[in-house]
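Everything below concerns the one structure shown next.
In what follows, every chain begins at residue 1, and chains take the letters A, B, ... in the order their sequences are listed.
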2 protein chains.
Amino acid sequence: MATMKDVAKAANVALSTVSLALRNNPRVKESTRRRVLEVARQLQYRPNGIARDLKTRRTETICILLHDLGGPFYSEIIRGVQDIATSKGYNTIASGSLGGRNGSAVRLLSERRVDGVIVLAPDVDDETIVTAAGPDLPVIVLDRELTADYVYSVRVDNEQGGYQVTKHLLELGHRRIVFISGPADTLDSELRYRGYVKAMKEFSAPESKRFDYMGGFTEEGGYVVGKVMSAQPILPDAVFASNDEMAIGLLKAFSEKGIRVPDDVAIVGFDNIRIAEYVQPPLTTVRQPMYEMGSVAAQLLFQALAGNFELQPVRLATELVVRQSSQRRDTSVTA
Amino acid sequence: MATMKDVAKAANVALSTVSLALRNNPRVKESTRRRVLEVARQLQYRPNGIARDLKTRRTETICILLHDLGGPFYSEIIRGVQDIATSKGYNTIASGSLGGRNGSAVRLLSERRVDGVIVLAPDVDDETIVTAAGPDLPVIVLDRELTADYVYSVRVDNEQGGYQVTKHLLELGHRRIVFISGPADTLDSELRYRGYVKAMKEFSAPESKRFDYMGGFTEEGGYVVGKVMSAQPILPDAVFASNDEMAIGLLKAFSEKGIRVPDDVAIVGFDNIRIAEYVQPPLTTVRQPMYEMGSVAAQLLFQALAGNFELQPVRLATELVVRQSSQRRDTSVTA
DNA sequence: TCGAAAAATAAAAACGTTTCGATTTTGAAC
DNA sequence: GTTCAAAATCGAAACGTTTTTATTTTTCGA
């Protein structure tokens with residue numbers, strides 16, 4: 001593989017001249033520039049980005065670190081990040097956080113392979129993030145409670161979302177509303193629950209015992225809950241599943257038992273994943289501003305990259321999306 | 001930011017000793033090793049991956065280059081790649097191909113920032129790939145007809161898929177089957193069409209004129225086609241949309257016009273995206289072995305990385321997924 | 001106690017760039 | 001033909017590692 005040195009030799013010119021010529025520095029005469037370029041082409045010279053990065057101490061690349069690179073859930077966020085980064089002339093790479101101590105996450109976070117990182121990966125621990133962050137590696141954390149130097153957070157207001165959903169159901173006349181939480185340790189689920197409680201209190205509705213299902217935000221999880229629930233003698237008025245996947249599982253279980261949604265029981269989810277619109281009945285849910293989250297994160301990152309380290313956390317509002325799975329209940333029927 | 005030099009100075013030891021100590025080389029005495037590690041910790045030393053990569057001339061990172069990083073479509077492929085890479089101790093990064101001449105694609109492909117690349121991005125031209133590929137940068141191309149040194153291809157047998165679908169419809173008694181193609185230049189669409197033609201010939205069915213809709217594989221595109229089609233005096237027996245998104249758009253348009261699927265007209269798609277299972281009626285489609293595609297690609301890449309450059313192109317089989325949107329037609333009704 | 005082998009450490013040369021100060025070349029003005 | 005500033009080119013150091021070779025220190029048998 002040809003290097004600048006080879007080009008320099010072949011073109012009978014100094015190494016430094018080649019460097020300058022290749023980058024169109026006006027200090028080199030037009031004629032030599034052309035000669036150098038021609039020789040470079042002939043030798044199939046390709047710049048070595050790594051050497052350049054080492055020398056310039058910048059990579060012009062930012063990274064978004066996701067738990068599972070493959071998740072469809074992330075599409076919009078990535079798009080948001082990418083749009084901003086591209087407009088700044090930066091490159092975006094995405095990486096999965098799997099792999100533990102010597103996984104990609106650590107490599108990217110601590111080994112200066114990128115200029116900044118956006119983290120949306122619950123399995124990367126705070127410690128790793130805090131020690132990695134610094135004046136020359138700002139980190140934006142998404143959906144995470146964490147304050148530290150050079151670490152900035154962007155969060156979706158999950159509590160507000162939980163409140164919106166619950167209030168919506170209450171206003172429709174539902175009273176006995178069950179909340180299905182996600183995996184135990186999920187902050188998101190917990191916050192949505194808080195919103196739920198807040199609304200229930202406001203309406204002084206009989207706060208139903210939280211249905212603590214620890215199945216991990218999956219359709220299967222929701223399905224199992226649905227089966228259990230439909231075996232009980234009495235159904236709640238409505239079920240608030242803390243994400244859409246679970247809500248869809250519920251829907252499936254109920255449909256198999258002949259329980260009609262929303263006539264017999266209303267169901268709402270959270271996230272507004274694409275399928276929510278297509279299931280029967282279409283699912284009422286909460287949209288999280290994904291694209292915005294990505295683009296806000298990227299904007300913060302570039303602020304920090306530009307040397308502005310005084311940045312406040314950002315919290316984004318959610319939006320209730322009403323579809324047919326929630327519906328007015330004849331109030332005379334409710335408790 | 002502390003470097004090895006700083007650590008060496010502070011620990012009163014040579015630079016090289018620090019390097020050896022940090023990598024647990026047995027040539028350094030246990031006691032000095034501990035001392036060095038301790039000093040490194042105190043100084044918050046972080047290795048500079050770029051410097052290391054430059055020196056070792058390997059990054060232990062492979063890259064998957066996608067057209068649009070955000071596409072949900074890619075999830076499984078990435079997962080396939082990642083699983084293999086992780087098992088080999090390599091890191092995987094993903095990058096979008098947007099950005100033209102000085103975009104990420106070029107940076108990654110030609111500037112030695114990764115050890116190998118998997119490309120699934122129609123907008124990256126062959127030229128770029130061919131010139132980038134070499135003994136120290138093998139490239140795997142997905143769903144692309146391209147043969148060159150150090151470039152290896154993995155493709156899904158789109159023609160077979162088109163054949164499967166069409167044969168399925170024909171066997172159900174449909175005869176007047178319309179094919180809706182995607183954007184003009186798409187090889188995938190073209191191949192699916194060839195499979196369609198092959199099956200139609202075999203059954204000597206009246207090969208319907210191909211419905212050349214150039215709308216770009218989107219739901220909106222399918223919707224428009226659906227509107228146009230339903231305005232015609234006579235409907236075909238079945239429609240083969242060259243991807244699911246368009247099929248879903250069709251479904252929507254037909255449903256608005258009161259055209260029943262599959263009773264009035266059968267619809268099939270291609271790709272087996274997740275929503276296909278949830279639309280009404282659930283969509284018959286063709287599953288592409290995405291995960292397998294990713295993992296096969298990664299395996300080829302590692303073969304090449306190991307110095308084995310004699311690799312044959314791989315073609316993967318598709319699988320027909322029959323759901324309710326296609327259904328037996330009473331043969332007496334057909335032409 | 002000596003000296004050689006073994007163990008530990010140190011020194012130096014890369015890797016392929018960028019960049020800055022130094023040097024050479026050019027050519028216009030005298 | 002000099003002279004001199006401007007223009008062009010060059011040389012060398014540096015970025016932070018790894019790795020090979022050289023040097024110093026330790027160990028230990030005779």
Discussion item. Within the 3.5 Å criterion, strictly below it, is a donor on B/Tyr150 or B/Asp136 matched to an acceptor on the partner's side chain?
Written reply: no

Discussion item. Heavy atoms only, 4.0 Å cut-off, all strands: where does A/Arg57 land among base, sugar-phosphate and nothing?
Written reply: sugar-phosphate

Practice prompt. Compare every heavy atom of A/Ala132 with every heavy atom of A/Leu137, then report the nearest pair and how far apart it is.
Written response: CD2-O, 3.7 Å

Worksheet item: How far apart are the C-alpha atoms of A/Thr61 and A/Asp115, what are their side-chain angles, what is the distance that settles it, and do they pass the side chain to side chain contact (heavy atoms under 4.5 Å, CB included) test?
Response: CA-CA 6 Å; A/Thr61 299; A/Asp115 293 350; 5.9 Å; no

Worksheet entry | First-last contacting nucleotides on DNA chain D - partner chain A, under 4.0 angstrom, heavy atom | D/dA8 to D/dG16

Item to complete: Would you kindly give the CZ-to-C1' distance between B/Arg23 and C/dT9, to the nearest whole Å?
Response: 16 Å

Worksheet item: Between the base of C/dT9 and the side chain of B/Arg27, is there any donor-acceptor pair under 3.5 Å?
Response: yes

Worksheet item: What does B/Arg46 touch in the nucleic acid at a heavy-atom separation under 4.0 angstrom: a base, only the sugar-phosphate, or nothing?
Response: sugar-phosphate

Item to complete: Give B/Thr3 one of three labels, base, sugar-phosphate or nothing, depending on what nucleic acid heavy atoms sit under 4.0 Å from its own.
Response: sugar-phosphate

Fill in: Carboxylate-amine/guanidinium contact B/Glu38 B/Arg35, below 4.0 Å
no

Worksheet item: Side-chain N or O of A/Thr56 less than 4.0 angstrom from OP1 or OP2 on C/dT18?
Response: no

Discussion item. Distance alone, cut at 3.5 Å: any donor-acceptor contact between the side chains of A/Glu60 and A/Asn91?
Written reply: no

Item to complete: Report the distance from atom CD of B/Glu30 to atom C1' of C/dA7, rounded to the nearest whole Å.
Response: 15 Å

Worksheet, complete the sentence: Nearest-nucleotide check on DNA chain C, B/Lys29 vs B/Lys55; residue mapping nearer the 5' end is B/Lys29

Fill in: Distance, nearest 0.5 Å, that separates CD1 of A/Ile140 from CG of A/Leu301
5.0 Å

Worksheet entry | 5' priority, DNA chain C, between B/Leu15 and A/Leu15 [closest heavy atom] | B/Leu15

Worksheet item: For B/Phe302 and B/Tyr90, what are the C-alpha separation, side-chain angles and deciding distance, and is it a ring-ring contact (aromatic ring centres under 6.0 Å, His included)?
Response: CA-CA 10 Å; B/Phe302 282 107; B/Tyr90 268 63; 5.0 Å; yes

Item to complete: For C/dT19, take OP1 and OP2 only and decide whether either is under 4.0 Å from a side-chain N or O of A/Ser16.
Response: no

Item to complete: Let me know the distance between CG of A/Asn25 and C1' of C/dC20, rounded to the nearest Å.
Response: 12 Å

